[in-house]
Number of protein chains: 2
Amino acid sequence: MGFTKKHIFDAQQNQIASFTKMLGHPARVSIIQHISQNKNCNCNTLVKAIGLAQPTISQHLAEIRNTGLLKQTVKGKNLFYSIDQDKLNACRRVLNDFFVKTQINSSK
Amino acid sequence: MGFTKKHIFDAQQNQIASFTKMLGHPARVSIIQHISQNKNCNCNTLVKAIGLAQPTISQHLAEIRNTGLLKQTVKGKNLFYSIDQDKLNACRRVLNDFFVKTQINSSK
DNA sequence: TCTTTTAATTGTGATATTGCAATATTACGT
DNA sequence: ACGTAATATTGCAATATCACAATTAAAAGA
């Protein structure tokens with residue numbers, strides 16, 4: 001087959017999987033960390049800092065962007081990225097809820 | 001290429017990516033939820049509850065097991081799974097640390 | 001011993017992901 | 001208009017993932 005059978009799972013399970021799948025690559029973890037720690041972080045900055053080719057970084061950025069975690073600001077030739085804190089908090093809450101439920105019920 | 005260049009990232013980034021990658025499939029999210037909510041949960045239970053074929057469930061279980069998140073108890077013919085709470089807590093702390101750092105520094 | 005149950009393993013086809021070179025696009029500077 | 005810088009897109013090869021049928025392995029019960 002090769003594709004995930006998403007339809008047999010509920011919305012919350014797919015949401016958790018979607019966010020963690022996006023985080024499931026060290027380059028994307030690193031990109032998010034860089035953006036959160038540096039103002040005026042653009043694609044070139046990330047290419048130099050991380051050491052992957054420009055198309056590769058651009059592609060990872062697109063995947064992060066697709067989850068809604070990034071905000072963009074155009075300044076001249078540059079496209080600066082920042083983290084959408086509301087979206088990040090929402091993801092954090094969903095994951096936290098998952099952890100809480102996975103812990104409480106297991107103590108029965 | 002096709003493979004991840006893990007060596008250019010640090011241990012923490014790879015650890016976050018490794019755990020979230022494991023969580024990045026709704027079947028594995030569902031399996032973990034089932035195990036945490038039911039005592040005496042075995043492979044067959046999960047096959048019936050989730051609706052994927054036995055080898056598929058077994059394979060997902062193996063991926064979760066490889067991150068160290070599962071404990072096993074043999075009772076007769078059955079192999080019951082439970083969540084390793086220490087491991088889960090460790091993953092939770094690492095992820096929480098990631099969230100905190102991603103939020104605090106972005107407010108500068 | 002033979003059958004049944006439980007679960008892991010193997011093999012395979014389909015699809016997705018990773019990474020990059022080459023190219024295209026867009027906008028700024030001259 | 002032209003050159004340059006920044007980034008996205010395209011195309012491609014290598015590898016990984018997903019799902020399952022068939023098989024194997026191990027243990028329980030008759």
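To find a chain, count down the sequence lines: A is the first, B the second, and so on, and within it residues start at 1.
By the 30° and 60° cut-offs, the orientation of the rings of His60(B) relative to His25(B) is tilted.
For dA16(C), the OP1/OP2 oxygens have no side-chain nitrogen or oxygen of Lys21(A) closer than 4.0 Å. Between Thr56(B) and the phosphate of dC20(D), there is a side-chain N or O to OP1/OP2 separation shorter than 4.0 Å. Considering only side-chain N and O atoms, Tyr81(B) lies under 4.0 angstrom from the phosphate OP1 or OP2 of dA8(C).
The interatomic distance linking Glu63(A) (CD) with dA8(D) (C1') rounds to 14 Å, in whole Å. In this structure, Met22(B) places its CE atom 14 Å from P of dT17(D), rounding to the nearest Å. If you measure from atom CZ of Phe3(A) to atom P of dA14(C), you get 11 Å, rounded to the nearest angstrom. Put simply, CD1 on Ile64(B) is 11 Å from P on dC18(D), counting in whole angstrom units. Put simply, CD1 on Ile35(A) is 14 Å from C1' on dT7(D), counting in whole angstrom units. To the nearest angstrom, C1' of dC18(D) lies 13 Å from NZ of Lys6(A). Rounded to whole Å, the distance from CZ on Arg28(A) to C1' on dA16(C) is 12 Å. The separation between Met1(B) atom CE and dT15(D) atom P is 9 Å, rounded to whole Å.
With no hydrogens or angles considered, a side-chain donor-acceptor pair links Asp97(A) and Gln12(A) at under 3.5 Å.
Side-chain proximity of Leu52(A) to the nucleotides dG19(C), dT7(D), dA21(D) is greatest for dG19(C). Side-chain proximity of Asn44(B) to the nucleotides dG19(C), dT6(C), dA19(D) is greatest for dT6(C). Distances from the side chain of Pro55(A) to the nucleotides dC18(D), dA7(C), dA22(C) place dA22(C) closest. Among dA7(C), dT18(C), dC18(D), the nucleotide with an atom closest to any side-chain atom of His60(A) is dT18(C). The side chain of Leu79(A) lies closest to dT7(D) when the candidates are dC20(C), dC18(D), dT7(D). Closest contact between the side chain of Asn78(B) and the listed nucleotides dA7(C), dT9(D), dA19(D) involves dA7(C).
Side chain of Thr102(A) to main chain of Phe98(A): a donor-acceptor pair is present (N/O by atom type, distance under 3.5 Å, no hydrogens or angles). A distance-only check finds no donor-acceptor pair linking the side chain of Gln103(A) to the backbone of Val100(A) [under 3.5 Å]. Proximity of a side-chain donor or acceptor of Ser58(B) to a complementary backbone N or O of Gln54(B) within less than 3.5 Å is not detected.
Using a 4.0 Å heavy-atom cutoff across all strands shown, Phe80(A) reaches no nucleic acid atom at all. Residue Lys75(A) is classed as having no contact, given no heavy-atom separation below 4.0 Å to the nucleic acid. In this structure, Gln72(A) reaches neither bases nor backbone, as no heavy-atom distance under 4.0 Å exists between it and the strands shown.
Nucleotides of DNA chain C nearest to Leu61(B) and Lys77(B) differ in position, and the one nearer the 5' end is that of Lys77(B). If Lys5(A) and Thr45(A) are placed on DNA chain D by their nearest nucleotide, the residue sitting closer to the 5' end is Thr45(A). Residues Thr4(A) and Ser58(A) each lie close to DNA chain D; by heavy-atom proximity, the contact nearer the 5' end of the strand is made by Ser58(A).
Once rounded to the nearest 0.5 Å, the distance linking SG of Cys41(A) with CG of Leu46(A) reads 4.0 Å.
No donor-acceptor contact under 3.5 Å links the side chain of Gln54(A) to the base of dA6(D).
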